[in-house]
Amino acid sequence: MTETDFLPSDYINDVKEGSVSYKSPSNIALVKYWGKKENQLPQNPSISFTLDACATTTKVTFNKLEKLDENFSFDLWFEGKEKEDFKPKINTFLSRIEIYIPFLKSYHFKIETSNSFPHSSGIASSASGMSALALCFMDIEKQLNPEITADFFNKKASFLARLGSGSACRSIEGDLIQWGAHEQTEGSSDLFGIKYPYEVHENFKNFQDTILLVDKGQKQVSSTVGHNLMHNHPFAAERFNQAHTNLNKLKSVFKSGDLIEFIKIVESEALTLHAMMMTSMPYFILMKPNTLEIINKIWEFREKSNSHICFTLDAGANVHVLYSENEKAIVNQFIKDELVVFCENQQYICDQIGFGAKKL
Ligand code: DP6
């Protein structure tokens, strides 16, 4: 498929007003997206587990305007209060997606959004937030053109979400989503995420993700700035190749259920992501001392308990602890006994693999 496949055909219905709500989850990448080209296209393919508990709920109420507005007409409410400072980001998103959903200037929208996780938790809300909003707009498009199929609906929702935030295109469905063209993955595309199309061993069903909140403050360097620093990065080409290779390796791992190999790939991806940050120009470090304390404790525990617990990181100091459901009891005990002390205000979030966004 190409971008032009997402331009709409004429709308059949005239809808004056309505409202629609979606709850959309966050996701955690196993092979990381870090580096992008024009139009939010990734430099390399990535794959993620869709999460369940960490989610954004968005309600869009829409009323047809008397005449087309020159600008986008919308109010933005976050957790019950009007939030002016979020509007520029939404405005940029709307201008990027307008050619694909040209009804945007025909309506006034009230966008009401809230997160299941604390706003200041340092957890990225762009994946869940942008995917929830993209789904609401797709739902309106479906009201205008009921002929849209379920498959196209999800593809276009992912396509639109990507234009808001790259990783958001992996939050529409679950439980394992791949985004970015990869030779060994049929149907993969830079334009949208797809459900991982091959066999996945029982070992990866119901995988758990406990997010340890090491630092809840604002990041010093945003993901967008970090992605841009991959242009002219001395190790960029090698890194992008590595992501392709790691996806090939994961394909056999998902089939065989080999958790030892899984751990090697996932932890190496997390550390490589941060190595890219440390070797950018300008360079920066998002990990905190407690991030490293936790990693060392996980390695120590894995060694002595023979468990298959592992970690990954996103673009921040928080640590995602990944483990299979049958290790839940021992790992939760370990987290309480040895890791919680490294969390800000002892806070952590218990999450697990989820199956994608839901219409409310
Ligand atoms: C480290 O999707 O937040 O979490 O496209 O600029 O919005 P933008 O970036 P974003 O980047 C996420 C990067 C990551 C890795 C990943 O999720 O694959």
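Predicted model only: the values in this text are computed from it and were never measured. Just so you know, ligand 1 is whichever comes first in the structure, and atom 1 is the first atom listed for that ligand. The first residue of the sequence shown is numbered 1, and numbering continues consecutively from there.
Backbone and side-chain nitrogen or oxygen atoms of Val31 are examined, and none is located within less than 3.5 angstrom of a nitrogen or oxygen of ligand 1. In terms of polar-atom proximity, Ser46 is not counted as a contact of ligand 1, lacking any N or O under 3.5 Å from an N or O of the ligand. An N or O contact shorter than 3.5 Å is missing between Trp34 and ligand 1 by distance. Taking only nitrogen or oxygen atoms, main chain and side chain alike, Asn27 does not reach within less than 3.5 Å of ligand 1.
Of the heavy atoms in Ser167, both backbone and side-chain atoms come closer than 4.0 Å to ligand 1. When non-hydrogen atoms are compared, ligand 1 lies under 4.0 Å from the backbone of Ser165 as well as from its side chain.
Ionic pairing of Lys328 and Glu325 is not present here: no N-O contact between side-chain nitrogen and carboxylate oxygen is shorter than 4.0 angstrom. Using a cut-off of 4.0 Å between Lys/Arg side-chain N and Asp/Glu carboxylate O, Glu261 and Lys249 are scored as not salt-bridged. We find that Arg302 and Glu267 are joined by a salt bridge, their nearest charged nitrogen and carboxylate oxygen being less than 4.0 Å apart. Between Lys83 and Glu112, no side-chain nitrogen of the basic residue sits less than 4.0 Å from a carboxylate oxygen of the acidic one, so the salt-bridge criterion is not met.
Interface of Ala29 with ligand 1, defined as ligand atoms under 4.0 Å from a residue heavy atom, comprises 16 (C), 17 (O), 18 (O). Atoms of ligand 1 found under 4.0 Å from any heavy atom of Ala315, numbered from 1 in the order shown, are 1 (C). Listed by number with element, the atoms of ligand 1 under 4.0 angstrom from any heavy atom of Gly166 are 2 (O), 5 (O), 7 (O), 8 (P). Short contacts between ligand 1 and Thr224, defined as distances under 4.0 Å to a heavy atom of the residue, involve ligand atoms 6 (O). Set against the non-hydrogen atoms of Ser126, the atoms of ligand 1 under 4.0 Å away are 3 (O). The contact set between ligand 1 and Lys36, taken as ligand atoms under 4.0 Å from a residue heavy atom, comprises 5 (O), 6 (O), 8 (P).
In this structure, Lys87 is positioned above the aromatic face of Phe74, its NZ or CZ under 6.0 Å from the six-membered ring centre and within 45° of the axis.
When the heavy-atom distances from atom 17 (O) of ligand 1 to Arg170, Lys32, Gln40 are ranked, the shortest goes to Arg170.
Among residues at least two apart or in separate chains, there is no salt bridge (Lys or Arg N to Asp or Glu O under 4.0 Å) pair with a member in residues 38-52.
The shortest side-chain heavy-atom distance between Thr291 and His274 does not fall under the 4.5 Å cut-off.
Checked options Phe137, Trp77, Phe72; the residue passing with Phe109 is Phe137 (criterion: ring pair (Phe, Tyr, Trp, His ring centres under 6.0 Å)).
The closest approach between Met130 and ligand 1 stays at or above 4.0 Å for every heavy atom of the residue.
Atom CZ of Phe342 sits about 7.5 Å away from atom CG of Leu339, to the nearest 0.5 Å.
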